[in-house]
Amino acid sequence: MPFTSYKEVYATIQYDTVLKSLFYSKMMFIETAVKNIALEGILAKAKSESIQAMYDKVVSGYRNAPANFTQEQKKRLQQNKLNLQNSIQSNLAYAYKKNNPKITHFYNNVDYSGVPIWALFEIMTMGDFGYLLSCLTYDVRDDISRRIGLNLACDTNRQLIYKYIYTLKDLRNAIAHNAVIFDTRFRNIDPSKAMKQCLEIEMGLPYVNFKTIGDYVLLMCYYLKQLKVPKTEIKSFVRSFEKVTCEYRLSVNPAVASIVIHPDLTSRMTTLKNFI
C-alpha cells in the first residue's frame, strides 16, 4: 500500500471499522432470517421436532440417495450424514458442558425426551448451518431455496442455498472476530458459476467474483430484498456504504484509493440501487 503518512493508515483502519459496524446488524438479520426459513422447511418435511426425524427424513444418506447415484456417490452422502451427526452431537455436548440454558433446559427436564430441532438451530454457528443445508435432500433444499426466493434458473443442483451461506459466513466471522474486511482477505471461496450467474442475471451485472467488498454488499442486498426488507431500508444501507467509502477516498492519496476502492464500484452500486 503506497501510504504517504500515518494519517492514511489510520483512515484505512477507521474505514474498515466503520464497514464492520455498518454490516453487523444486516449480517445478523440475514443469518437469523435464513435459519428460520430453513427451519420451517425442515419441520414441514420431517413432520416432527425430533433431530432423529430430521436425520431420517430430510438428510441425504445411502438409503435415500437419488436412484442414478453410483455406489461411491451414495457412500459419500452417507459419510457426510455421519459427519453432520457427529458435529451436531459435539455442539450439543459443548453447549451442555457450558451450561447453555437453551440446551440444558431440555436435558435436565424429565418431561422432554430430547433437544428439538429449533433449539439446535439456536446454538449452530453459520458454518455448521451451511453444512447442514448441504446435507439436506434435493427436494428440501429446493423448497428452502424457493421459500427464500433464490433465482434457481442457474442452480440445477440447488447448491446456492448453502454456498451463499458459506460466502456470507466468511464475512460474518471476520466481523465477529474484528478481522480486516475492507480488502476481503477473509475470502475462502472460489465462487461457482451458479453463484456468479445468479447475481449477474438478477441485477444485470457484467461480472461477480467476490474479490472486492462491493460484491459482498451486492449479496447482502440480494438477500435483504428476498427477505422482504423495505426498499427504503436497503437503499439507506447502500447509501451509507457509498458515503463511508467516499469519505475514505478523500482521506487518502489517489494511489491508495485506487487499490482499496475498485474503479467500477460507483457504477455497480448504481446497478444495485436500480435492482432494489
Side-chain angles (χ1 to χ4, degrees), residues 23-61 64 77 80-109 111-150 158-177 219-220 222-224 226-229:
F23 293 170
Y24 180 77
S25 64
K26 295 293 183 282
M27 285 298 305
M28 295 303 104
F29 172 80
I30 292 169
E31 179 180 358
T32 303
V34 175
K35 274 186 175 181
N36 286 336
I37 292 170
L39 183 58
E40 282 185 5
I42 289 170
L43 291 173
K45 183 68 175 179
K47 293 182 170 56
S48 168
E49 293 183 346
S50 160
I51 292 175
Q52 187 58 50
M54 177 180 75
Y55 292 146
D56 295 339
K57 297 179 181 178
V58 304
V59 174
S60 294
N64 62 353
L77 287 182
N80 289 341
K81 180 177 181 176
L82 292 169
N83 291 344
L84 174 67
Q85 290 174 308
N86 184 52
S87 171
I88 287 174
Q89 285 306 122
S90 296
N91 278 335
L92 291 172
Y94 182 78
Y96 187 80
K97 179 181 178 182
K98 292 295 182 180
N99 288 313
N100 186 323
K102 294 169 184 169
I103 300 305
T104 57
H105 170 75
F106 296 98
Y107 283 124
N108 297 345
N109 193 322
D111 295 326
Y112 293 104
S113 58
V115 176
I117 299 170
W118 53 265
L120 168 66
F121 270 51
E122 289 287 329
I123 64 165
M124 263 190 170
T125 65
M126 207 165 177
D128 289 334
F129 173 56
Y131 187 64
L132 169 61
L133 292 175
S134 75
C135 292
L136 299 177
T137 58
Y138 175 92
D139 59 329
V140 179
R141 293 201 311 274
D142 177 68
D143 176 52
I144 295 170
S145 298
R146 292 179 189 281
R147 286 171 185 261
I148 294 171
L150 298 178
R158 302 298 186 263
Q159 295 180 339
L160 282 181
I161 183 66
Y162 61 87
K163 290 200 170 181
Y164 276 158
I165 289 297
Y166 282 146
T167 306
L168 290 171
K169 177 262 299 180
D170 291 339
L171 174 58
R172 181 227 184 271
N173 288 348
I175 293 170
H177 298 293
L219 181 57
M220 280 191 282
Y222 177 61
Y223 264 90
L224 292 172
Q226 302 314 117
L227 295 169
K228 306 295 187 290
V229 171

Determine, stepwise, if the pair Leu171 / Met220 fulfils side chain to side chain contact (heavy atoms under 4.5 Å, CB included). CA-CA 10 Å; Leu171 174 58; Met220 280 191 282; 4.0 Å; yes
For residues 137-150, which side-chain N or O atoms pair as donor and acceptor with protein atoms under 3.5 Å away, sequence neighbours left out?
from   : atom 1 : to     : atom 2 : distance (Å)
Thr137 : OG1    : Asp139 : OD1    : 2.5
Asp139 : OD2    : Lys45  : NZ     : 3.1
Arg141 : NE     : Arg158 : O      : 2.8
Arg141 : NH1    : Leu136 : O      : 2.6
Arg141 : NH2    : Asn157 : O      : 2.8
Asp142 : OD1    : Arg146 : NE     : 3.1
Asp142 : OD1    : Arg146 : NH2    : 3.4
Asp142 : OD1    : Arg158 : NE     : 2.6
Asp142 : OD1    : Arg158 : NH2    : 3.1
Asp142 : OD2    : Arg146 : NE     : 3.0
Asp143 : OD1    : Arg147 : NE     : 3.4
Asp143 : OD2    : Arg147 : NE     : 2.8
Asp143 : OD2    : Arg147 : NH2    : 3.4
Ser145 : OG     : Arg141 : O      : 2.7
Arg147 : NH1    : Glu40  : OE1    : 3.4

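- Counting heavy atoms from C-beta on, the side chains of Leu120 and Leu132 never come closer than 4.5 Å.
- Between His105 and Tyr112, the ring planes lie tilted relative to each other; the angle falls in the 30° to 60° range.
- Two residues are said to be in side-chain contact when any heavy atoms from C-beta on lie closer than 4.5 Å; Ile37 and Leu227 meet this criterion.
- The structure places CG of Leu168 at 14.5 Å from NZ of Lys163, a figure rounded to the nearest 0.5 Å.
- The minimum heavy-atom distance linking Phe106 with Ala119 is given by the pair CE1-CB, 3.6 Å.
- Between atom OG1 of residue Thr167 and atom CE of residue Met126 there is a gap of 9.5 Å, rounded to the nearest 0.5 Å.
- Of all the heavy atoms in Leu160 and Tyr223, the pair that sits closest is O-OH, 4.5 Å.
- Of the possible donor and acceptor atoms, one in the side chain of Ser90 sits under 3.5 Å from a partner among the backbone N and O of Asn86.
- Nearest heavy atoms, Leu133 versus Ala38: CD2-CB, 4.0 Å.
- Residues Lys81 and Leu77 are not in side-chain contact: their nearest non-hydrogen atoms beyond the backbone lie 4.5 Å or more apart.
- Evaluation of the ring-ring contact (aromatic ring centres under 6.0 Å, His included) rule for Tyr107 yields Tyr96 as partners, not counting sequence neighbours.
- Residues Tyr164 and Val34 form no side-chain contact, since every pair of their non-hydrogen atoms from C-beta on lies 4.5 Å or further apart.
- The CG atom of Leu82 lies 12.5 Å from the OG atom of Ser87; values are rounded to the nearest 0.5 Å.
- The shortest heavy-atom contact between Leu84 and Cys135 is CD2-CB, 3.9 Å.
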Exercise for review: Assess whether side chain to side chain contact (heavy atoms under 4.5 Å, CB included) is satisfied between Ile123 and Asp128, documenting all intermediate values.
Suggested key: CA-CA 10 Å; Ile123 64 165; Asp128 289 334; over 6 Å; no
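- Phe121 is linked by a ring-ring contact (aromatic ring centres under 6.0 Å, His included) to Phe129, counting only residues two or more places apart in sequence or in another chain.
- Looking at heavy atoms from C-beta onward, Tyr162 lies out of side-chain contact with Tyr131 at the 4.5 angstrom threshold.
- Contact between Ser134 and Tyr166 at its shortest, heavy atoms only, is OG-OH, 4.0 Å.
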